[in-house]
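Following: one structure in structure tokens, then a few remarks.
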Amino acid sequence: MLAQVVVDVPTRQTNQPYTYAIPEELRQYVVVGMRVVVPFGQGARKVQGFVVGLLTTDLNGFDGELKAISQILDLYPIVNAELLKLSDWLANWTFSFRISILQAMLPNVMRAKYTRYLQLVDEVDDEILYGIFHGQERIIFDENTLTATSLAQLAKLRRNKQVVVTYEVTSKAKVKTESGIQTSLSFEQLEDIKLGLRANAKQQNKLLSYLQTLEPGEVVSQHQLRDRLALSNAVINTAVRQGWASKQPIEIYRQPSKTIVQPDQPKVLHSQQAKALQKIKAASGTPTTFLLEGVTGSGKTEVYLQAIDYELQHGKTALMLVPEISLTPQMMHRVKKRFGTKVAVLHSGLSAGERFDEWRRIERREATVVIGARSAIFAPLENIGIIIMDEEHEASYKQDENPRYHARDVAKWRSAYYNAPLILGSATPSLESRARAQKGVYQLLMLTERINQQALPEVKLIDLRQKIMHAKEQSVADELLVAIKERMAQHEQSVLLLNRRGFSSFVMCRDCGLVVQCPNCDIGLTLHMDTKTLKCHYCGHEEAIPTQCPNCRSKAIKYYGTGTQKVEIELQKLLPTARVIRMDLDTTSKKGAHEKLLKAFGNHEADILLGTQMIAKGLDFPDVTLVGVLNADTGLGIPDFRASERTFQLLTQVAGRAGRADKPGTVFIQTYNPTHYAIKMAQAHDYEKFYRYEMQIRHLAKYAPYYFTIKIQASHADERTAALMMTKIGQWLRQRLTAEVTILGPTPRSIARIKNRFYYQIILKYQNVPIVEQVMQELQLIAQANSRNGMQLIIDREPLNFM
DNA sequence: AGCACGCCGACT
DNA sequence: GTCGGCGTGCTC
């Protein structure tokens with residue numbers, strides 16, 4: 001018996017299964033989908049691998065000597081047949097390595113950790129034995145253990161074969177346990193002990209009586225025993241010491257949320273909701289993709305929950321994806337209320353251990369409903385009956401590091417595999433999805449009415465060109481201030497959106513015009529008042545605020561542009577009685593901070609919630625009747641063909657926060673472009689009109705959804721090397737590809753340097769040109785060949801970020 | 001990724 | 001002669 005193993009060496013040349021012998025003692029344990037440790041390469045370095053197949057004899061043409069699997073890391077398969085097949089497809093689709101996909105599918109703790117050791121194999125002199133090895137035969141070998149001088153000595157020792165370097169694979173995945181108590185004594189034996197106790201040993205008597213009630217072999221948790229019998233640990237420990245009972249670890253789950261939720265019942269649907277649900281139910285057992293286009297407040301979530309319930313009742317499981325940012329406690333609560341302990345939640349707020357435990361609950365089929373952000377699309381559910389992707393247009397569904405997958409593509413694949421309907425839901429669908437619904441590839445379900453027939457909020461534009469606000473350095477217009485005051489008088493709340501954190505966006509010398517730049521990136525630094533520093537939002541560089549210009553020594557340093565911190569101070573000045581909560585990356589970076597701030601706002605501990613785009617989604621507060629957008633234009637200036645779409649989506653979403661209950665809402669949008677179609681159509685709440693208009697633009701400009709795009713990006717510490725590489729690739733592509741493929745570039749990225757690396761890119765646009773796939777595979781080989789000298793090449797299918 | 005091998009200039 | 005730096009090829 002032989003095993004096909006994908007090894008943990010993410011390179012193009014090793015992106016294939018290797019054949020290993022299975023030692024006799026492991027023969028009955030090794031199965032497909034299990035993690036193993038194998039020797040790989042010279043020196044038989046140990047690496048982690050995944051068994052992806054078993055063979056009997058044929059070696060796939062390999063005629064060398066086989067090595068054997070060293071050990072197994074799991075006792076059962078942790079990647080099932082479906083996910084294994086998916087990993088194969090997704091690796092090809094995203095131009096990434098199979099091992100990277102397999103790693104991405106599993107909780108972080110299951111990724112291999114390697115420890116490097118130095119081992120003595122021959123006699124060495126005492127200076128080395130004690131100086132480097134501290135008298136031991138084996139030491140951990142990392143950057144800290146050796147100084148530069150001993151490193152030179154070491155090279156010599158290695159050449160002389162006096163020491164060897166070895167690697168060991170360790171799994172970080174730890175099962176959490178608590179201590180449990182059991183007894184191996186019989187009822188009668190315990191009775192005898194009780195009789196022998198001193199009369200004042202009341203507690204021991206109580207404990208022994210309890211132990212008598214246990215079934216043979218039954219283990220009770222120590223803390224439960226303590227609580228139930230009101231005992232101290234000392235009593236239990238004495239019993240253990242006497243041999244009356246023994247300790248036994250019990251496996252437990254880390255509980256991410258201990259709050260007990262009250263179950264609720266399905267709500268009554270309005271007629272459009274009921275019709276949509278009917279169609280979804282009718283498609284049960286088929287791989288149908290639906291686009292559920294529903295205005296904010298139309299009750300999409302209730303449709304999802306009832307559709308999930310339907311599949312659960314038929315013995316199936318369900319997967320629901322939401323963007324990370326809207327995976328709020330409110331949302332989790334809502335799902336848990338309906339499905340109780342069947343729900344597993346996967347999101348970034350969990351610790352690595354908690355995530356692992358939720359994953360195990362799914363894998364053991366204890367949880368049948370999974371709700372989570374992007375990576376939850378790989379949840380090890382079996383027998384999936386329905387997949388839901390809420391806010392399907394959200395860019396966070398695409399991972400912007402390797403492997404660059406889009407959760408929507410994975411969702412479609414799994415939907416096809418399980419014959420399960422896929423529901424893409426949004427108030428503002430991506431043009432790609434909306435166009436597919438138009439063509440009939442997806443079934444379009446529309447929800448145009450809101451629950452309780454609420455009117456959509458009135459949206460007013462404030463034309464900043466007409467204002468003299470900049471002269472006064474005021475970032476909130478007077479009519480918006482008046483409106484906020486009115487809400488405060490009525491004990492209602494306001495939400496203000498400003499899509500820029502920090503205090504001001506750049507710092508400039510008024511005498512010489514110098515803008516203070518990041519030393520590592522080609523971008524201006526942002527002023528942060530709370531830390532009294534200038535920060536780079538790309539690499540995290542931080543420096544003191546200069547008191548004089550570093551160029552001309554002038555003291556006329558001035559802050560330009562507005563960030564959330566500045567508006568917060570401004571509001572305190574203009575509305576001294578207003579209580580403001582600021583929510584941005586700076587105030588929510590600590591674990592649980594996000595939740596705490598929202599809870600405080602929900603409890604009316606503030607009148608105004610001021611924040612970046614993270615406040616636009618998912619939050620639902622009944623007393624918010626006013627929404628203000630302070631800078632609707634920032635998104636429009638970005639060099640990206642989706643700039644209008646993003647602006648429209650953001651404005652529509654944030655507008656949806658106003659007036660959800662019985663109170664009508666009002667929205668103010670401050671803009672320098674009041675005639676821009678994205679802003680006008682967001683004002684009119686007219687997605688369909690926006691869709692038709694934007695489609696024309698995309699058609700003319702040859703962009704999605706009419707064309708596919710691939711971004712090829714090279715980066716290098718040396719600018720000329722990066723530029724040269726891309727010029728060569730550009731020439732090569734023009735030779736290899738027909739004129740049907742548009743090749744844009746190479747051009748420097750809009751921020752050409754980030755973290756001291758220079759970026760150049762090429763964009764490919766094409767419709768149905770099969771050769772593109774093959775050319776991209778060839779390009780990967782070029783990328784691999786050049787990776788040695790610090791060149792990084794990225795191939796990104798359907799990039800969402802052109803910056 | 002990490003290791004060996006081979007080529008080539010520099011040094012005891 | 002041989003030490004050590006770097007480019008290249010290979011890993012069941």
Side-chain angles (χ1 to χ4, degrees), chain A residues 1-24 26-27 30 32 34-73 91 96-104 111-119 121 140-143 145-146 148-170 401-403 716-718 721 725 780-794:
Chain A
M1 279 290 269
L2 306 169
Q4 297 264 276
V5 178
V6 171
V7 293
D8 182 17
V9 182
T11 67
R12 184 100 313 248
Q13 299 101 305
T14 53
N15 190 32
Q16 40 146 350
Y18 287 84
T19 310
Y20 282 87
I22 306 173
E24 191 65 49
L26 294 178
R27 200 146 295 179
V30 173
V32 171
M34 173 181 279
R35 291 176 307 157
V36 291
V37 176
V38 291
F40 192 69
Q42 291 101 325
R45 157 176 87 103
K46 299 282 201 299
V47 297
Q48 190 191 50
F50 288 81
V51 178
V52 297
L54 293 174
L55 301 171
T56 42
T57 47
D58 184 47
L59 299 188
N60 273 345
F62 178 71
D63 57 355
E65 194 159 323
L66 289 182
K67 288 180 182 169
I69 290 174
S70 308
Q71 56 166 298
I72 54 175
L73 287 173
S96 46
F97 310 121
R98 196 151 176 213
I99 188 71
S100 313
I101 302 282
L102 287 165
Q103 308 266 38
R111 207 163 291 184
K113 208 182 106 202
Y114 296 99
T115 320
R116 192 164 53 158
Y117 292 97
L118 268 183
Q119 192 154 2
V121 289
I140 292 178
F141 177 25
D142 59 27
E143 301 79 53
T145 42
L146 294 169
T149 47
S150 55
L151 218 60
Q153 280 179 301
L154 192 72
K156 197 177 271 172
L157 289 173
R158 225 169 114 179
R159 250 193 324 278
N160 298 341
K161 309 237 186 284
Q162 287 171 289
V163 300
V164 288
V165 179
T166 57
Y167 291 81
E168 260 172 44
V169 183
T170 42
E401 56 191 54
N402 286 334
H716 198 274
D718 177 57
T721 312
M725 180 76 201
Q780 280 216 290
L781 295 174
I782 298 177
Q784 187 69 48
N786 284 281
S787 62
R788 276 244 159 78
N789 65 349
M791 175 73 67
Q792 195 190 46
L793 202 74
I794 294 163

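Within every chain, numbering begins at 1; the chains are lettered A, B, ... in the order of the sequence lines, protein sequences first and strands thereafter. All values reported here derive from a predicted model rather than from experimental measurement.
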>> What is the distance, to the nearest angstrom, from the CG atom on A/Asn786 to the C1' atom on C/dG7?
In response: 13 Å
>> Quick check: closest heavy atoms across A/Thr19 and A/Leu66, and the distance to 0.1 Å?
In response: O-CD2, 3.4 Å
>> How many whole angstroms separate atom NZ of A/Lys67 from atom C1' of C/dT11?
In response: 7 Å
> Can you name the closest pair of heavy atoms from A/Ile69 and A/Ile22 and give their distance?
Replying inline: CD1-CG1, 4.2 Å
> How many angstroms lie between atom NZ of A/Lys46 and atom OG1 of A/Thr115, to the nearest 0.5 angstrom?
Replying inline: 13.0 Å
> Once you round it to whole Å, what is the distance between P of C/dC10 and CZ of A/Arg12?
Replying inline: 17 Å
> What is the distance from CE of A/Met1 to C1' of C/dC12, rounded to the nearest Å?
Replying inline: 17 Å
> Residues two or more places apart in sequence or in another chain: which of them pass side chain to side chain contact (heavy atoms under 4.5 Å, CB included) with A/Asn402?
Replying inline: A/Arg404
> With a 4.0 Å cut-off on heavy atoms, is A/Pro17 in touch with a base, just the backbone sugar-phosphate, or nothing at all?
Replying inline: nothing
> For A/Gln13, which residues count as a side chain to side chain contact (heavy atoms under 4.5 Å, CB included) partner, sequence neighbours excluded?
Replying inline: A/Thr11, A/Gln784
Dump the pairs, protein N or O against N or O of nucleotides 1-3 of chain B, anything under 3.5 Å, distances to one decimal.
residue : atom : partner  : partner atom : Å
B/dA1   : N3   : A/Arg45  : NH2          : 3.1
B/dG2   : O6   : A/Arg788 : NH2          : 2.8
B/dC3   : OP1  : A/Tyr167 : OH           : 3.1

> Does OP1 or OP2 of C/dC12 have a side-chain N or O of A/Tyr20 closer than 4.0 Å?
Replying inline: yes
>> I'd like to know if the side chain of A/Arg116 reaches the main chain of A/Val165, judged simply by a donor and an acceptor atom lying under 3.5 Å from each other, with no hydrogens or angles considered.
In response: no
